[in-house]
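Heads up, the thing below is written out as structure tokens.
Each chain gets a letter, A, B and so on, in the order the sequences are listed, and its residues count up from 1.
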There are 2 protein chains.
Amino acid sequence: MLSQPVNRPLPMRHFAEELPAAQPDGEPSTPVRAMTAAGEANRERILDAALARFARTGLSGTRIEAIAQDAGLSKTNLLYYFRSKNALYLAVLTRTLDMWLEPLRAIDADRDPREALGHYITAKLEAARDHPEASRLFALEVMQGAPMLSAVLATDLKELVDRKVALLQLWQAEGRLKPHKPHHLLFQIWATTQHYADFATQVEQLTGASLADPVFFQQTREAIVASILGAVLP
Amino acid sequence: MLSQPVNRPLPMRHFAEELPAAQPDGEPSTPVRAMTAAGEANRERILDAALARFARTGLSGTRIEAIAQDAGLSKTNLLYYFRSKNALYLAVLTRTLDMWLEPLRAIDADRDPREALGHYITAKLEAARDHPEASRLFALEVMQGAPMLSAVLATDLKELVDRKVALLQLWQAEGRLKPHKPHHLLFQIWATTQHYADFATQVEQLTGASLADPVFFQQTREAIVASILGAVLP
DNA sequence: GTCTATAAGCGGATAGAC
DNA sequence: GTCTATCCGCTTATAGAC
């Protein structure tokens, strides 16, 4: 749809998306619109800063000037790289989504259910530990009705989940999983693992620990694995 | 600290709280500051509308004019009842908090652990079904670091949780629960039950159902009870 | 208690020089 | 690519009449 920051005036407030235009690998030798190394580095710093801010204060609660400061440039300069706050927000969402869905994709039909699900839980909990902002970003977005992401959820996520649900049903038919509505299994895994990222403030206030503590991480992992796998394995 | 809307000018943007001044039961016969029946009804309608809006779009994403319209009065008039947006937000939070913590308080030492925890899970899931906005409101608040609520969480909630954790540890010592860090049991219950409220959009998109559907509710309840109680009961 | 009018300030976005 | 200056709309909040 769109590609790079084209400075044409728009009559109304535009919500046009500037998806970061899948940069061709290798040096930016393309004559059409070359992105310098410094430029690319700025882009990345902006996206990192934006993720942190949006995950903490949401879209409307975040001022682009704060993001710019975190990234070490001026507000105007940030708007050179991203045409609008919404464009930046969307860029952050899409950049993070693939990474976020990766563990689910990795659930493998060839593996043993116990092993595959155990790996999935561990991977999700590691993601909650290593990328809590990503978890919170999506949680904020989905909780507000996914205004910017509903299309992707309804298509990409739905498709992916449908495939994995079919796999779980297959395992059930083979007697390798107890009969259950498979969605609940997924929801329980998502809910419990992401809780430790999304509600980290509360978890720390109540226990004094976080997933960053290896002992606490192991405890948590075992608690989740025990309850969820215990319920679905025959 | 403060009580009713006093119209004194404030030099800086004020975050002073107008906690709703625990209205004495019975008719407003107090001569000091009587609240008419109509006034009280307005207040309630505002609070209801505010809960719905804040839960959906957050504090900064909500315009008080939208709340006013939902409640059927003008923005100016809303500000007659609540001195500021922040005051209104705080009033909504505090009004909802007690209701939200009630199920946890109800966990009873005299009951059988299986029964007590089963009831707790059911009550939490009913709350997620009947008051999803309350769930989302607190989720939004806590996920953003609980800027307005951290004091209450650190004292009231902490105290309440500490008491219940002690009870769970007692049950463990008596051999009526498997040894486990009790916090994880609570977190799992919170996470799974609240997930169906907080991520209702996603749940509906993926399953086509919601907790409002009695069949789906039962399915969900049984899945949660099975996994969580299965793991902690001896 | 409710309305009209308006103050006051913030924050996103653009223009244009360098 | 980065900066300075500035515009403009939006939203909270207040003043004051009725």
Side-chain angles (χ1 to χ4, degrees), chain A residues 2 4-18 28 33-46 49-50 53-54 57-91, chain B residues 2 4-18 28 33-46 49-50 53-54 57-91:
Chain A
L2 282 182
Q4 298 294 41
V6 186
N7 279 348
R8 41 151 182 183
L10 290 178
M12 296 247 68
R13 176 153 287 175
H14 53 279
F15 285 73
E17 306 75 349
E18 188 240 293
R33 185 63 148 84
M35 175 73 73
T36 70
E40 188 51 37
N42 275 345
R43 254 188 120 78
E44 289 301 316
R45 283 216 319 285
I46 293 172
R53 286 282 177 176
F54 285 141
T57 46
L59 175 57
S60 52
T62 301
R63 284 164 292 288
I64 55 177
E65 178 150 37
I67 298 174
Q69 280 181 2
D70 291 354
L73 23 66
S74 69
K75 181 173 63 165
T76 328
N77 204 4
L78 181 150
L79 284 168
Y80 168 80
Y81 288 97
F82 295 90
R83 292 173 48 255
S84 71
K85 193 188 188 182
N86 274 281
L88 174 56
Y89 181 70
L90 263 172
Chain B
L2 282 181
Q4 298 295 43
V6 185
N7 279 349
R8 39 147 185 192
L10 289 179
M12 297 247 69
R13 177 152 285 175
H14 54 278
F15 284 75
E17 308 75 349
E18 188 239 292
R33 185 63 148 85
M35 175 72 74
T36 70
E40 188 52 34
N42 275 346
R43 253 188 121 78
E44 289 300 317
R45 283 215 319 287
I46 294 172
R53 287 282 177 177
F54 285 141
T57 46
L59 175 57
S60 52
T62 301
R63 329 257 149 268
I64 56 178
E65 178 150 37
I67 298 174
Q69 279 181 3
D70 291 354
L73 23 67
S74 69
K75 181 174 60 166
T76 327
N77 205 3
L78 181 149
L79 285 168
Y80 168 80
Y81 288 97
F82 296 90
R83 292 173 51 255
S84 71
K85 191 189 191 183
N86 274 281
L88 174 55
Y89 181 71
L90 262 173

CA sep, side-chain torsions, deciding dist, call: A:Arg45, A:Asn42, side-chain contact (heavy atoms from CB on, under 4.5 Å): CA-CA 5 Å; A:Arg45 283 216 319 285; A:Asn42 275 345; 3.2 Å; yes
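- The CG-C1' distance, from A:Leu78 to C:dA13, rounds to 12 Å in whole Å.
- For B:Lys85 against B:Thr62, the heavy-atom pair with the smallest separation is NZ-O, 2.7 Å.
- Taking side-chain N and O atoms only, B:Tyr81 has a distance below 4.0 Å to OP1 or OP2 of C:dT2.
- The side chain of B:Arg63 sits closest to D:dT11 out of D:dT11, C:dT2, D:dA13.
- The side chain of A:Ser74 places an N or O atom within less than 4.0 Å of a non-bridging phosphate oxygen (OP1 or OP2) of D:dC3.
- Side-chain proximity of A:Thr76 to the nucleotides C:dT14, D:dT2, C:dG1 is greatest for C:dT14.
- No engagement by A:Ser60 is indicated, since no non-hydrogen atom pair under 4.0 Å with the nucleic acid exists.
- Residue A:Tyr80 places no side-chain N or O under 4.0 Å from the OP1 or OP2 atom of D:dT2.
- D:dA15 atom P lies 17 Å from atom CG of B:Asn77, rounded to whole Å.
- One atom, CZ of B:Arg83, and another, C1' of D:dT12, lie 13 Å apart when rounded to the nearest Å.
- We find that CD of B:Glu65 is positioned 14 Å from C1' of D:dG9, with the value rounded to whole Å.
- Nearest-nucleotide mapping onto DNA chain C: of B:Lys75 and B:Ala38, the residue sitting toward the 5' end is B:Ala38.
- A pairwise comparison of heavy atoms in B:Gly61 and B:Arg63 identifies O-NH2, 3.9 Å as the closest pair.
- Look at A:Thr36 and you'll find a side-chain N or O under 4.0 angstrom from OP1 or OP2 of D:dG1.
- Smallest separation of non-hydrogen atoms from A:Ile67 and A:Ala49: O-CB, 3.8 Å.
- When rounded to the nearest whole Å, the span between CD of A:Gln69 and P of D:dT2 equals 16 Å.
- Summarising the geometry of A:Ala91 relative to A:Phe82, their closest heavy-atom pair is CB-CE2, 3.8 Å, with the distance given to 0.1 Å.
- Residue contacts shown for A:Leu73 are absent, as no nucleic acid heavy atom lies under 4.0 Å away.
- C:dC3 atom P lies 13 Å from atom CG of B:Leu79, rounded to whole Å.
- With hydrogens and angles ignored, no donor-acceptor pair closer than 3.5 Å exists between the side chain of A:Lys85 and the base of C:dG11.
- Between A:Asn42 and D:dT2 there is a side-chain polar atom (N or O) within less than 4.0 angstrom of OP1 or OP2.
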